[in-house]
Amino acid sequence: MPEGDTIHRHARNHRDLFVGRNVAASSPQGRFSAGASHINGKRLEAVEAVGKHLFYTFEKRLMLHVHLGLVGSFRTHRTIERPAPSRGTRLVLSAGDAAAYLTGPMKCELLDRIEVHRLKEWLGPDPLDPEADVGEFASNLATRTGPIGAVLLDQDVIAGIGNVWRAELLFLCHIDPDTPANELTSGQVDCLWTHAVTGLQHGVEVGQIETVTPQAIGLPKGTQLRPSDKRYVYKRGGHGCLLCGAEIAVSRHGGRALFYCPQCQDPLKAQ
DNA sequence: TCAGTATGGGTAG
DNA sequence: TACCCCTACTGAT
């Protein structure tokens, strides 16, 4: 279930398991057989995540591009005794005891360096890129007149944000989803970027999206939160807001359900 | 067994 | 905006 933090976590794992090694590649499903045969046995030189995209650089400049889409997933195994890949497995990468099984990706393809460059150029700044900063994000927002609730999903504005993070970021910054993106204050833009950076970094470490801390909702540090209380708004429609108690509402922005608190994100209160 | 659902994104109209 | 694709899982029948 991938947003940018999940993708960067995969990149980190695959770097540890495969970089510097000759990697066996196959496509049990058959839909990537030709591509897999090109990289089979090649030495993997680098794995990079940009937003929701993964790029694998093999020797001889072979580049593998993976985008998991909505339902794609990687499962890694670290023992030689592992389950046989299911029939739908698009790609198996393995080296020694380690293997990664890829199922259901939206993209699994070999690209040349120019195509990779074009794709990276198109993407907006990635909050998990140490060299990215709020400046490019701010200038991208300034060119968009649509509601921020929809614009935050545009990967050429900010790369790696998905449906969970957009809802949580807007809540954390008390921003009404209908606010035109180019009318956000610099304080609001800074807030979105700062929470994106720290939140996604936390997601990479813990392997899930958690935005609520016990202290933030008045509980002692170390209190175990229920899974449903680890996010402020996402999928909490109809439940009470953890901060003000108002009922979490659902609207549609960018064609997808957006959860928000009408009280905490009231534009009149933000002024 | 089938329908519904999901943290995404491309395309047609 | 609607529809489509991709797969795994859940709950209803």
Side-chain angles (χ1 to χ4, degrees), chain A residues 1-11 27-33 35-36 49-55 64-77 83-92 100-109 111 115 118-120 122-124 126-128 146-147 149-172 177 192 195-196 199-212 227-238 248 250-260:
Chain A
M1 303 174 189
E3 296 197 19
D5 51 328
T6 306
I7 301 306
H8 279 258
R9 193 173 165 89
H10 285 315
S27 177
Q29 183 191 45
R31 289 183 55 179
F32 189 58
S33 296
V50 184
K52 299 173 187 171
H53 299 258
L54 281 161
F55 299 99
L64 168 67
H65 169 230
V66 173
H67 189 297
L68 293 180
L70 180 60
V71 297
S73 72
F74 264 117
R75 295 184 187 199
T76 55
H77 304 276
S86 68
R87 274 190 300 176
T89 306
R90 184 79 54 91
L91 174 66
V92 173
Y101 296 177
L102 170 65
T103 57
M106 193 175 69
K107 292 277 184 191
C108 175
E109 59 189 357
L111 296 180
E115 291 169 314
R118 276 200 205 115
L119 180 49
K120 288 182 183 173
W122 175 80
L123 290 168
D126 181 343
L128 289 170
V151 169
L152 267 188
L153 288 181
D154 290 347
Q155 300 300 299
D156 53 343
V157 170
I158 180 170
I161 301 303
N163 205 21
V164 180
W165 274 116
R166 76 155 169 180
E168 296 297 315
L169 291 173
L170 290 171
F171 177 87
L172 287 164
L192 287 171
H195 278 291
L200 268 74
Q201 284 174 347
H202 180 70
V204 173
E205 293 311 315
V206 301
Q208 58 181 309
I209 298 175
E210 298 174 347
T211 51
V212 179
S228 59
D229 288 344
K230 289 187 175 180
R231 296 168 189 161
Y232 281 108
V233 287
Y234 180 74
K235 276 207 169 167
R236 298 195 76 252
I248 300 301
V250 192
S251 63
R252 280 193 92 74
H253 283 80
R256 312 189 62 197
L258 171 60
F259 299 86
Y260 67 101

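Here the structure is a predicted model, which means the values were calculated and not measured. Sequence lines set the chain letters: A, B, ... in the order given, protein chains first and strands last, and positions in each chain run from 1. Just so it is clear, the values below take in all heavy atoms, side chains as well, and ignore hydrogens, waters and symmetry mates.
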Peer 1: Are any non-hydrogen side-chain atoms of A/Val66 and A/Phe74 less than 4.5 angstrom apart?
Peer 2: yes

Peer 1: Mind checking which stems touch DNA chain B? I mean at least 3 consecutive Watson-Crick or G-U pairs, both distances under 3.5 Å.
Peer 2: B:1-6 with C:7-12, B:8-12 with C:1-5

Peer 1: Please examine the side chains of A/Leu102 and A/Leu68, heavy atoms only from C-beta on, and report whether any two atoms are closer than 4.5 Å.
Peer 2: yes

Peer 1: Whole-Å distance between C/dC6 C1' and A/Phe32 CZ?
Peer 2: 16 Å

Peer 1: Check the angle between the aromatic planes of A/His65 and A/His53 and answer parallel, tilted or perpendicular using the 30° and 60° thresholds.
Peer 2: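 Ring orientation, 0 to 90° scale: parallel.
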
Peer 1: Side chains of A/Ile158 and A/Trp165: closer than 4.5 Å at any heavy-atom pair?
Peer 2: no

Peer 1: Can you label the angle between the A/His77 ring and the A/Tyr101 ring as parallel, tilted or perpendicular, going by 30° and 60°?
Peer 2: tilted

Peer 1: Is there a side chain to side chain contact (heavy atoms under 4.5 Å, CB included) between A/Asp229 and A/Arg236 once you walk through the steps?
Peer 2: CA-CA 9 Å; A/Asp229 288 344; A/Arg236 298 195 76 252; 3.4 Å; yes

Peer 1: So, is A/Thr6 near the phosphate of B/dT7, with a side-chain N or O under 4.0 Å from OP1 or OP2?
Peer 2: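 Answer is no, no contact under 4.0 Å.
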
Peer 1: By the 4.0 Å heavy-atom rule, please label A/Gln29 as base, sugar-phosphate, or nothing.
Peer 2: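 Sugar-phosphate only.
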
Peer 1: Would you indicate whether the side-chain heavy atoms of A/Ile248 and A/Tyr232 approach each other to under 4.5 Å?
Peer 2: no

Peer 1: Taking for each residue the nucleotide of DNA chain C bearing the nearest heavy atom, is the 5' side occupied by A/Arg31 or by A/Arg75?
Peer 2: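 First, find each residue's nearest nucleotide; the 5'-ward one identifies A/Arg31.
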
Peer 1: Using the P atom in both, what is the distance from B/dG13 to C/dC5, to the nearest Å?
Peer 2: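 Pairwise P distance, B/dG13 against C/dC5, rounds to 15 Å.
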
Peer 1: What pairs of nitrogen or oxygen atoms, one from the protein and one from nucleotides 2-4 of chain C, lie under 3.5 Å apart?
Peer 2:
none

Peer 1: Can you pull every protein N or O that's under 3.5 Å from an N or O on nucleotides 9-12 of chain B?
Peer 2:
| unit_1 | atom_1 | unit_2 | atom_2 | d |
| --- | --- | --- | --- | --- |
| B/dG9 | OP1 | A/His67 | NE2 | 3.2 |
| B/dG9 | OP2 | A/Lys52 | NZ | 3.2 |

Peer 1: Using the P atom on both, measure B/dG9 against C/dC9 and round to a whole Å.
Peer 2: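 Going atom to atom, P in each nucleotide, I get 22 Å.
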
